[in-house]
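Below is one structure, written out as structure tokens, with a few remarks after it.
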2 protein chains.
Amino acid sequence: MKPDTKQRLLDGTLETVRRGGIAGVSARSIAAAAGVNQALIFYHFGSVEELLEAACRQATEARVALYRDRLATVDSFGRLLAAARELHEAERAAGCVTVLAQLLAGAPGQPKLTAAVADALESWAAEIEAVLGRLLDGSPLAEVADVPGLARALSASFIGIELCEGVDPRAATAALDALDRLSVLVEVIDELGPAARLALAARTRKARGAHTP
Amino acid sequence: MKPDTKQRLLDGTLETVRRGGIAGVSARSIAAAAGVNQALIFYHFGSVEELLEAACRQATEARVALYRDRLATVDSFGRLLAAARELHEAERAAGCVTVLAQLLAGAPGQPKLTAAVADALESWAAEIEAVLGRLLDGSPLAEVADVPGLARALSASFIGIELCEGVDPRAATAALDALDRLSVLVEVIDELGPAARLALAARTRKARGAHTP
DNA sequence: GTCTATAGCTGGATAGAC
DNA sequence: GTCTATCCAGCTATAGAC
């Protein structure tokens with residue numbers, strides 16, 4: 001047995017998706033990237049779809065676990081921003097979000113892959129949700145922030161930005177920098193205290209009433 | 001000549017991408033959706049990639065023109081929000097953003113398609129940028145908002161959310177609702193006036209200094 | 001402009017030797 | 001577990017009749 005053929009195939013899958021997108025994926029291209037015989041994909045995983053599924057699950061689990069420790073130390077928006085910068089640099093090398101974005105696009109019509117991608121999105125969202133909930137506890141922002149929804153919005157946004165990176169790197173960088181800059185705003189509001197909180201709460205109720213009378 | 005075969009192929013392309021994703025695209029599937037002979041794709045467009053390119057350009061141009069008039073009437077964040085709701089409903093039917101997201105994922109290795117998708121992204125971003133610039137002019141938010149970057153971030157975010165819709169509709173809805181709710185915050189800040197503007201400007205400079213000493 | 005037919009290729013997947 | 005060889009479906013693209 002070659003030094004873990006299964007793992008080489010999983011790694012080769014990620015590399016293939018990263019380099020050629022979901023459209024560049026085939027049993028032959030993956031086997032070539034992994035330096036492994038093409039027939040072994042079907043011996044070890046049954047089908048290309050199941051290999052994609054397994055690669056998605058393994059990569060997500062590993063990355064989420066890796067970032068969980070880092071995110072657990074975050075206790076202010078300033079530190080969250082610093083962590084986000086580190087993670088973004090790490091992602092640039094690993095390309096895990098890019099792969100997820102491509103699998104997301106390739107999911108239609110592939111039930112097992114769809115399930116794996118949905119679980120992966122949920123893992124990321126849950127992680128972000130935990131940090132966000134911790135940071136917003138007691139902040140005036142808690143009045144206008146729907147934490148679970150915001151976590152999903154953030155996950156989806158990064159996926160969109162990573163996809164854009166493929167066709168227009170400058171636009172992607174501009175988008176990330178703009179979000180970066182907005183964080184100043186978040187910090188300021190966060191420090192306003194209880195009076196601002198009450199004002200926002202009143203405004204939120206008013207806006208709600210206006211939209212659903 | 002059948003009633004505009006070229007247009008039927010362009011429409012069939014959008015429908016095929018919407019229904020089966022970029023992975024479901026082939027000359028045969030598009031021709032079937034268009035109710036047209038497969039060979040006509042090559043007669044009229046030269047290749048499948050060029051058909052995708054043409055469909056991307058036409059759909060983007062039409063949609064952007066359609067929304068431009070609507071967005072031109074927007075002169076407050078409240079109205080922007082109302083417009084966004086309308087546009088999102090219209091998108092649910094037309095699926096133009098979904099198609100763009102899929103083409104974005106399928107672009108790697110296809111130079112002409114890559115160029116078309118990049119142009120499409122730029123068209124959307126320019127449109128959003130114009131509205132955002134108009135709204136933020138004079139607002140305290142202008143101090144922390146990088147308008148061109150934010151426009152790109154918003155475009156990319158919606159693309160990410162539309163992709164997620166395909167595997168987890170609930171998460172996509174939660175994300176959109178959360179962004180909706182945040183708009184209350186934007187309105188409040190927007191009404192704070194010149195004092196808040198100066199405070200934000202000071203904080204922005206401070207934060208800048210800290211990040212790039 | 002549109003159709004049929006088909007060349008030529010690449011894809012997923014399997015059989016069977018080792 | 002791994003390899004070679006191969007089947008067959010589906011794909012792009014073209015040739016040529018109408």
Side-chain angles (χ1 to χ4, degrees), chain A residues 1-56 58 102-103 105-116, chain B residues 1-17 19-56 58 102-103 105-114 116:
Chain A
M1 165 169 97
K2 287 253 187 76
D4 223 332
T5 302
K6 264 182 113 157
Q7 191 56 49
R8 293 178 63 158
L9 278 170
L10 290 168
D11 295 341
T13 302
L14 298 184
E15 196 190 315
T16 306
V17 173
R18 219 177 300 130
R19 294 232 293 238
I22 190 68
V25 163
S26 76
R28 286 164 155 87
S29 63
I30 291 174
V36 149
N37 188 286
Q38 179 248 133
L40 292 175
I41 288 175
F42 303 96
Y43 175 79
H44 285 293
F45 295 94
S47 70
V48 173
E49 184 190 350
E50 284 164 305
L51 171 54
L52 289 174
E53 183 201 354
C56 176
Q58 196 196 52
Q102 286 288 336
L103 295 182
Q110 311 220 281
K112 289 172 184 173
L113 182 55
T114 300
Chain B
M1 168 170 96
K2 284 253 188 75
D4 222 334
T5 300
K6 264 182 114 157
Q7 192 54 48
R8 292 178 63 154
L9 279 170
L10 291 167
D11 295 341
T13 302
L14 298 185
E15 195 188 316
T16 306
V17 173
R19 293 231 293 235
I22 189 70
V25 163
S26 76
R28 285 161 153 83
S29 62
I30 292 174
V36 150
N37 189 286
Q38 181 249 137
L40 292 176
I41 288 175
F42 304 96
Y43 176 78
H44 285 292
F45 295 95
S47 70
V48 173
E49 184 191 350
E50 284 164 304
L51 170 54
L52 289 173
E53 183 201 354
C56 177
Q58 196 196 51
Q102 286 289 334
L103 295 182
Q110 310 221 280
K112 288 173 185 173
L113 182 54
T114 300

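Side-chain atoms are counted along with the backbone in the values below, which use heavy atoms only and exclude waters and symmetry mates. Naming: A, B, ... by sequence-line order, numbering from 1 per chain.
- Residues A/Thr16 and A/Ser29 come closest through the heavy atom pair CG2-OG, 3.6 Å.
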Does the pair B/Phe42 and B/Gln38 meet the rule for a side chain to side chain contact (heavy atoms under 4.5 Å, CB included), with working shown?
-> CA-CA 8 Å; B/Phe42 304 96; B/Gln38 181 249 137; 3.3 Å; yes

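- With rounding to the nearest 0.5 angstrom, the NE2 atom of A/His44 is 5.0 Å from the OG1 atom of A/Thr5.
- Between the CG atom of B/Leu51 and the P atom of D/dC11 there is a distance of 15 Å, rounded to whole Å.
- One atom, NZ of B/Lys6, and another, P of C/dT2, lie 11 Å apart when rounded to the nearest Å.
- OP1 or OP2 of D/dG1 has not a single side-chain nitrogen or oxygen of A/Thr5 nearer than 4.0 Å.
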All N/O contacts under 3.5 Å from nucleotides 4-10 of chain C to the protein, with atom names and distances to one decimal?
from: C/dT4; atom 1: OP2; to: B/Asn37; atom 2: ND2; distance (Å): 3.3

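- A distance of 11.5 Å separates CG in A/Leu10 from SG in A/Cys56, rounded to the nearest 0.5 Å.
- Atom CD1 of A/Ile30 and atom P of C/dA13 are 11 Å apart (whole Å).
- Under 3.5 Å, the side chains of B/Glu53 and B/Gln110 contain no donor-acceptor pair of N or O atoms.
- In terms of heavy atoms, B/Gly20 sits closest to A/Pro108 at O-CB, 3.8 Å.
- Counting to the nearest Å, the P atom of D/dT4 and the CD1 atom of A/Ile41 are 15 Å from each other.
- For the pair B/Leu40 CG and D/dG16 P, the interatomic distance rounds to 18 Å; values are reported in whole Å.
- Between A/Ile30 and the choices A/Leu14, A/Val25, A/Val17, the side-chain contact (heavy atoms from CB on, under 4.5 Å) rule is met once, by A/Val25.
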Audit row: A/Asp11, A/Gln7, side chain to side chain contact (heavy atoms under 4.5 Å, CB included) steps and yes/no | CA-CA 6 Å; A/Asp11 295 341; A/Gln7 191 56 49; 3.0 Å; yes

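- A heavy atom lying under 4.0 Å from DNA chain D marks the following residues of residues 42-50 of chain A, by number: A/Tyr43, A/His44.
- The distance between atom CD1 of A/Ile22 and atom C1' of C/dG11, rounded to the nearest whole Å, is 14 Å.
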